[in-house]
Q: 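This is the structure, below, for whatever I ask next.
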Amino acid sequence: MNINLTLIGQTIAFAVFVWFCMKFVWPPLMAALEERRKKIADGLDAANRAQRDLELAQDKAMQQIREGKEEAAKLIEQANKRASQIIDDAKETAQAEGDRIKAGAQAEIEQDVNRAKEALRSQVATLAVAGAAQILERSVDENAHKELLDKLASEL
Amino acid sequence: MAAGTPTEYIRHHLQNLTYGQKTDGSWGFASSAQEAADMGFWAIHVDSMFWSITLGMLFLFLFRKVAKAANSDVPTGFQNFIEMIFEFIEDTVKSSFHGRSALIAPLSLTIFVWVFLMNLMDLVPVDWIPYVSSIAGIEYMKVVPTTDPNVTIGMGFTIFFLIIFYSIKIKGFGGFTKELTLHPFNHPAMIPVNFMLETINLVAKPVSLGLRLFGNMYAGEMIFILIALLFSAGWVMGALGGVLQLGWAIFHILVITLQAYIFMVLTVVYLSQACEDH
């Protein structure tokens, strides 16, 4: 256990090793770690951003769905309203048409009745005259009793 | 492996392979502890230097390999392991050293891993490598560099130079001188006392660094050697030795890591002090 030149040898060896480590070992390792640290930080940032984007997208989708639903409900309501309106309209139209047809028919019937009455009336007059002529066995002067006959006919 | 008495065995294990000038003037490896001591300062412990430099190169080679291939993709296997050590050091340095320096962190990494590797040699059973080298004709082989005070105090010296370098760099030569002479007693008459106190303070740092590591590792190594002695004392003692060896080795894993960590942290603290302005 003598103190000797080894002391100085070791001092120099140590200094050289430290120098080498400082020059060739530490910087590349440091750079690699630093780069990885940055990469990880960037990755985490990106993940956070993506998460936020996802949330936003989800919100947006939900909103759109809600809007769509509302729109659909509105459309259905409108369609329902429109349908009932159409039905109402159709009913009204049908009613009016029916009324019109009924009125037409009635008028026609009335006209026919009147025509029949008219025909009857004229025939009744003739029949009455014929009847009377037969009863009286003499000819009735149509012209002389025209006034009477007309009165009779209008009373029928 | 030196046979003989336990004392000889222990002495043999604690003797470094020393190269230097012998008393007769020729250069060569010392063949005994006495001869090694006679070589004086201008001799070198070849085994300590060999193992410490080999392990240092191993450290740099492994880290350099990973550093070259390092990228920001998902790390796998060995790169993960290296990066774990790297980040551990970086965190430790960041929490104790507040200045900005390109040197402190790599310095800490070097200290931690290198000292750890050197300490790790302690876990290699004490006779393995010396036995192999004795077959190869090398008589002395001490494989744990940190049990050699030259190694640990030598590292302390490097730290010492760095402390002085940073003190002068940050505070200027005047500021550093002022710190040495007008602290802790701020009075001109106290300059000699201050200077003495501060110099002791300054020198104590690297020396205590080196001695702490040396002391712990030396003690650990010594216990391993004592346990190894049991192996030659019959089956029962040998079995006991095996159990003790295992127990001490497991405990020692903690010690070697802790010592490497302490050496590193104290270095950072000392340099941090050197960089602080009062």
Side-chain angles (χ1 to χ4, degrees), chain A residues 1-70, chain B residues 14-16 18-20 33 36-37 39-46 48-49 52-53 56-57 59-60 63-64 66-75 79 82-83 86-87 90 102-103 105-107 109-111 113-114 145 148-162 218:
Chain A
M1 229 182 308
N2 317 299
I3 295 296
N4 57 25
L5 208 57
T6 315
L7 193 81
I8 293 167
Q10 185 71 11
T11 305
I12 294 165
F14 185 29
V16 171
F17 287 160
V18 169
W19 170 81
F20 187 90
C21 183
M22 192 173 94
K23 249 337 191 229
F24 300 109
V25 174
W26 192 268
L29 273 175
M30 194 72 193
L33 287 193
E34 210 50 57
E35 205 184 314
R36 184 173 317 136
R37 203 168 291 164
K38 205 171 154 285
K39 233 182 188 174
I40 290 172
D42 287 354
L44 286 177
D45 264 6
N48 278 339
R49 224 173 15 245
Q51 181 80 25
R52 226 174 21 247
D53 284 356
L54 181 66
E55 271 167 24
L56 279 177
Q58 269 172 345
D59 280 359
K60 211 171 171 185
M62 289 296 267
Q63 203 185 334
Q64 271 174 353
I65 287 172
R66 212 166 41 236
E67 276 174 9
K69 272 185 182 162
E70 273 170 19
Chain B
L14 294 180
Q15 179 56 44
N16 282 108
T18 316
Y19 183 87
M39 284 174 178
F41 184 78
W42 297 107
I44 193 156
H45 291 158
V46 178
S48 292
M49 288 309 293
S52 70
I53 289 174
M57 303 262 256
F59 149 64
L60 290 176
F63 274 70
R64 174 69 186 151
V66 170
K68 261 203 294 201
N71 53 41
S72 58
D73 292 337
V74 179
Q79 195 193 341
I82 297 288
E83 282 182 8
F86 183 89
E87 291 201 311
E90 206 204 344
L103 175 73
L107 172 74
L109 180 68
T110 311
I111 291 173
V113 182
W114 192 26
D148 183 346
N150 290 299
V151 168
T152 58
I153 295 174
M155 290 178 76
F157 270 19
T158 312
I159 307 297
F160 180 69
F161 292 134
L162 282 174
Y218 187 77

Q: Less than 4.5 Å to any heavy atom of chain A: does that hold for the side chain of T18(B), its backbone, both, or neither?
A: side chain
Q: Quickly, which of P149(B), S48(B), P145(B) forms a side chain to side chain contact (heavy atoms under 4.5 Å, CB included) with T6(A)? Name it, please.
A: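 Between T6(A) and the candidates, side chain to side chain contact (heavy atoms under 4.5 Å, CB included) is satisfied uniquely by S48(B).
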Q: Check whether any side-chain heavy atom of F86(B) lies under 4.5 Å from a side-chain heavy atom of M30(A), and answer yes or no.
A: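 With C-beta onward as the side chain, the pair touches.
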Q: State the CG-CD distance between L29(A) and Q79(B), to the nearest 0.5 angstrom.
A: 8.0 Å
Q: For M49(B) and G9(A), which heavy atoms make the closest approach, and how far apart are they?
A: CE-C, 3.5 Å
Q: Under 4.5 Å heavy-atom distance to chain B, tell me which part of L33(A) shows up: side chain, backbone, both or neither.
A: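 Contact with chain B is through the side chain of L33(A) alone.
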Q: Quick one: which of I12(A), V25(A), V16(A) has the most heavy-atom pairs under 4.5 Å with chain B, could you say?
A: V25(A)
Q: For chain B, which residues from residues 37-60 of chain A have at least one heavy atom closer than 4.5 Å to it?
A: R37(A), K39(A)
Q: Answer with side chain, backbone, both or neither: which region of I82(B) has an atom nearer than 4.5 Å to a non-hydrogen atom of chain A?
A: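 Contact with chain A: side chain only.
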Q: With a 4.5 Å cut-off on side-chain heavy atoms, are F41(B) and L5(A) touching?
A: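 Yes, their side chains come closer than 4.5 Å.
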Q: Does any non-hydrogen side-chain atom of I8(A) lie less than 4.5 Å from one of F157(B)?
A: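 No, their side chains stay 4.5 Å or more apart.
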Q: About how many Å separate CG of L7(A) and OG1 of T152(B), when rounded to the nearest 0.5 Å?
A: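 So the gap between those two atoms works out to 8.5 Å.
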Q: To check you understand the geometry: which heavy-atom pair defines the closest contact between Q10(A) and N150(B), and what is its length?
A: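 Result for this residue pair: CB-O, 4.2 Å.
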Q: Which class fits the ring pair W114(B) and F14(A): parallel under 30°, tilted 30 to 60°, perpendicular over 60°?
A: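 Ring orientation of W114(B) relative to F14(A): tilted.
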Q: Whether the side chain of R36(A) engages the backbone of V74(B) through a donor-acceptor N/O pair (distance < 3.5 Å, no angle test) should be reported.
A: no
Q: Examine distances only and state if a side-chain atom of T11(A) and a backbone atom of G154(B) form a donor-acceptor pair shorter than 3.5 Å.
A: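 It does hold such a pair.
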Q: If we only count heavy atoms from C-beta on, is the R64(B) to P28(A) side-chain gap below 4.5 Å?
A: yes
Q: Among I153(B), I53(B), V46(B), which has the most heavy-atom pairs under 4.5 Å with chain A?
A: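 Most pairs with chain A among the choices: I53(B).
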Q: Side chain, backbone, both or neither: which part of A37(B) has a heavy atom under 4.5 Å from chain A?
A: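 The answer is both parts of A37(B).
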Q: Rounded at 0.5 Å granularity, tell me how far CZ in F59(B) sits from CZ in F20(A).
A: 9.5 Å
Q: Rounded to the nearest 0.5 Å, how far does CG of L60(B) lie from CH2 of W19(A)?
A: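 CG of L60(B) is found 10.5 Å from CH2 of W19(A).
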Q: Taking atom CG of L107(B) and atom CH2 of W26(A), what is their separation to the nearest 0.5 Å?
A: 10.5 Å
Q: Could you look at F160(B) and say if it's the side chain, the backbone, both or neither that has a heavy atom under 4.5 Å from chain A?
A: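 The answer is neither part of F160(B).
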